[in-house]
Protein chains: 2
Amino acid sequence: MKEGGFISDLRQKIIQSALLLFEKQGFHGVTVNQIVEDVGTSKGGFYHHFTSKDELLFVIHDTFITYVLEKAIIAKETYQSPTKKLQGIVKDFVKVFDLYKPHISVFYQENIYLKPQYEILIKKKRDQFKQMVKQAIIEGKKAKEFREDLPVEITTMAILGMVNWTYKWYQQSGLKTIEEIGDIFVDLILHAVLQPETISSKRYEEVLIEKPFFTI
Amino acid sequence: MKEGGFISDLRQKIIQSALLLFEKQGFHGVTVNQIVEDVGTSKGGFYHHFTSKDELLFVIHDTFITYVLEKAIIAKETYQSPTKKLQGIVKDFVKVFDLYKPHISVFYQENIYLKPQYEILIKKKRDQFKQMVKQAIIEGKKAKEFREDLPVEITTMAILGMVNWTYKWYQQSGLKTIEEIGDIFVDLILHAVLQPETISSKRYEEVLIEKPFFTI
DNA sequence: TAAAACAGACCAACCAGTCGGTCTTAAGTA
DNA sequence: TACTTAAGACCGACTGGTTGGTCTGTTTTA
């Protein structure tokens, strides 16, 4: 508590252990006893910090989605053009996979086990995030940066799906770094949504934060 | 047994009920008792047809992945050019969401609960499917239909992610039909992977099965 | 010294799977 | 056709193990 800050905080230790256990074995594949044993504490310690196993699951969900949402808001406010906004949101989000992979796995894998009262709270924030991607696409069409025939809703879900799915296969020990993966995703997305003229001309350099790999 | 065929087969009824229950509440959120009650049978009936609850989960997984794999093999053999192959595989796969949505949900949601001996069998088929998409991309690059700078592995996962994620949001009652969604996905994917020249010229008409919506 | 933090034995509920028994079906027999 | 019979299909009370959560303490902190 004194030194080390939250590192020695039992609550955070429990979350950390639970996170890794839930990721590999699922919420129902891990018992409270396993968690407390892994942490090196007791049932008493656990229930002093959490009212239930379900609340622990909620805390994990909430920590993650809150963080992601804040990042997205910053990206949205930082950049002006829709292209840059979309690029920023995607790149920041992909980066999160490095630090928060267990969170993300639990977030997408165990969300059906959230109790209704918690589910409502999480859904709200999750929808907010989705809305930011959607908004970027709408603005991109309006600004004539993106193709006008782009179906907003499906394109949004396609982008989210492509990025979210990363939790199923990404490994830190893999061949590509998370930065590289993020660049490739942005590249694929921009090729899919930008006006063809923008791509074939050199005009995309004006609308991008940085050159994607395909311009090399 | 006489008329109606497998529709009155208890085994199929159990799978059907379990499917819908697992989809909404998860494998561990549904008890064997709930399943047999839903079907209108008994524990005895259940364990006459399945050795365990785990085996039921495996059967659901296997039915689905076997079907998808067969479809992909047909698409691969039907079309010649890589573009058409990729287009065919994706379109067929997206169509599956209409008939097999519960299967898919269970397949991606509950796969971590598969017992090791079953997991091995499923992983084998799943990898085969992934390999077919990957192969189409490799061939597309070789044939100069796709961009040469395309990273094969990540692009494969991006496409799979985009399509797979559909199980999280697709609803039959939604605004777009599954056919439309499939077309949009193909459109986005092709814009992302095809040579820019092919898109800006009219040459894509030669390489496509049918005109995507954006040519209108 | 009191409140917060933690320990761990204990419990009630639940649940996958079992097992002895009954019912249905259809082939065999005369 | 009527009767026999055996195997497959199905029933449901029961069980042994497990699990989330409780409660009464003990230790640590401020």
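Remember, it's a predicted structure, so these values are computed and weren't measured experimentally. Each chain gets a letter, A, B and so on, in the order its sequence line appears, and its residues count up from 1.
For the pair A:K115 and A:F58, the cation-pi criterion (under 6.0 Å, within 45° of the ring axis) is not fulfilled.
To the nearest angstrom, P of D:dG20 lies 15 Å from CD of A:E55. Rounding to whole angstrom units, NE2 of residue B:H28 and P of D:dT18 are separated by 14 Å. One atom, CG of B:L21, and another, P of C:dC15, lie 13 Å apart when rounded to the nearest Å. Atom CZ in B:F46 sits roughly 13 Å away from atom P in D:dC11 (whole-Å rounding). For the pair B:I35 CD1 and C:dA16 P, the interatomic distance rounds to 8 Å; values are reported in whole Å. Between the P atom of D:dC11 and the CG atom of B:L10 lies a distance of 7 Å, rounded to the nearest Å. Rounded to a whole Å, the CZ atom of A:F27 is 13 Å from the P atom of D:dT19. Nucleotide C:dA7 holds its C1' atom 13 Å from the CD1 atom of A:I14, rounded to whole Å.
Along DNA chain D, the nucleotide closest to A:G44 and the one closest to B:G40 are compared, and the more 5′ of them pairs with B:G40.
Atoms NZ and CD, on B:K85 and B:Q135 in that order, are 8.0 Å from each other to the nearest 0.5 Å.
Ring to ring, A:H61 and A:Y118 are not that close: their centroids are 6.0 angstrom or more apart. In this structure, A:Y167 has its ring center at least 6.0 angstrom away from the ring center of A:F107.
Heavy atoms of A:V30 sit under 4.0 angstrom from primed sugar atoms or phosphate atoms, though from no base atom. Using a 4.0 Å heavy-atom distance criterion, A:K53 is classed as a sugar-phosphate-only contact.
Checked against C:dA7, D:dT22, C:dG17, the side chain of A:K43 finds its nearest nucleotide in D:dT22. Of the candidate nucleotides D:dT22, C:dC6, D:dC10, C:dC6 has the atom lying nearest to any side-chain atom of A:T41. Among the nucleotides D:dG21, D:dC10, C:dC6, the one closest to any side-chain atom of A:Y47 is D:dG21. Considering only the side chain of A:H48, C:dA4 comes nearest among C:dA4, C:dG8, D:dC11. Closest approach to the B:T31 side chain among D:dG21, C:dA16, D:dC10 is made by C:dA16 (side chain taken as heavy atoms from C-beta onward).
Annotation: side chain of B:F129 is in contact with side chain of B:I89 (closest heavy-atom distance under 4.5 Å).
Between B:H49 and D:dC10, a side-chain N or O to OP1/OP2 separation shorter than 4.0 Å is present.
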